[in-house]
Amino acid sequence: QVQLVESGGGLVQPGGSLRLSCSASGRIFSINTMGWYRQAPGKERELVAAIIRRDITNYADSVKGRFTISRDNAKNTVYLQMNSLKPEDTAVYYCNADGVTTAPRVTFKAWGQGTQVTVSS
């Protein structure tokens, strides 16, 4: 099994910044993609940003230029630096990872429990 634990959410004023972290643990042989999704009330879960291996990144158009995703492969941790936050960024943010477990060598896809980000004055 693989577990993901997020941290760093909270309440911030418009224009402010937050940094989310997500650490993976368990029977991990390798991690391919790590990413962040979000789900606002009444809306579907959407991809915010993803990072493949060390440096291939993908961002939703709505966060380009404001959010930066990075990862520390030695720590199996992914970060999301969120700057210039807007009220429409308010959502529960979920961490996601996929890769291969140790014996048996099978693929996995894991989700974190979610962390609330609220942007409001």
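Owing to the predicted nature of the structure, the values given are computational and were not obtained by experimental measurement. The chain is numbered in sequence order, starting from 1.
Between Asp89 and Lys86 there is no salt bridge, since no side-chain N of the basic residue sits under 4.0 Å from a carboxylate O of the acidic one.
Checked against Arg71 for a side-chain contact (heavy atoms from CB on, under 4.5 Å), the options Ile52, Ile51, Asp55 give a single hit: Ile51.
The backbone N or O of Ile69 sits less than 3.5 Å from a side-chain atom of Tyr59, completing a donor-acceptor pair. Side chain of Arg27 to main chain of Thr101: no donor-acceptor pair is present (N/O by atom type, distance under 3.5 Å, no hydrogens or angles). A donor-acceptor pair is defined here as one N or O able to donate and one able to accept, closer than 3.5 Å; such a pair exists between the side chain of Glu6 and the backbone of Gly114.
Residues Val117 and Leu80 share a single hydrophobic cluster, defined by chaining ILVMFWY side chains whose heavy atoms lie under 4.5 Å apart. Under the 4.5 Å side-chain heavy-atom criterion for ILVMFWY residues, no single connected hydrophobic cluster contains both Met34 and Tyr79. Met82 and Val119 fall within the same hydrophobic cluster, defined by Ile, Leu, Val, Met, Phe, Trp and Tyr side-chain heavy atoms under 4.5 Å apart, directly or through other members. Linking ILVMFWY residues whenever their side-chain heavy atoms come closer than 4.5 Å, directly or via other members, places Trp36 and Phe108 in the same cluster.
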request  = Might you work through the side-chain contact (heavy atoms from CB on, under 4.5 Å) test for Ser25 and Asn76, ending with a clear yes or no?
outcome  = CA-CA 7 Å; Ser25 63; Asn76 288 333; over 6 Å; no
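Ring pair Tyr93/Phe67 is tilted by interplanar angle, where 30° to 60° counts as tilted.
Taking NZ of Lys109 as the start and OG1 of Thr33 as the end, the distance is 7.5 Å to the nearest 0.5 Å.
Between Arg105 and Ser30 the shortest side-chain heavy-atom distance does not fall below 4.5 Å. Between Val63 and Arg38 the shortest side-chain heavy-atom distance falls below 4.5 Å. The side-chain heavy atoms of Trp111 and Arg45, taken from C-beta on, include a pair separated by under 4.5 Å. No side-chain heavy atom of Ile31 sits under 4.5 Å from any side-chain heavy atom of Val2.
No hydrogens or angles considered: nothing links the side chains of Thr118 and Thr90 as a donor-acceptor pair under 3.5 Å.
Remark: Glu88 CD is packed, more than 12 non-hydrogen atoms of other residues, nucleotides or ligands lying under 6.0 Å away.
The two atoms that bring Val78 and Cys95 nearest to each other are CG1-SG, 3.8 Å, heavy atoms only.
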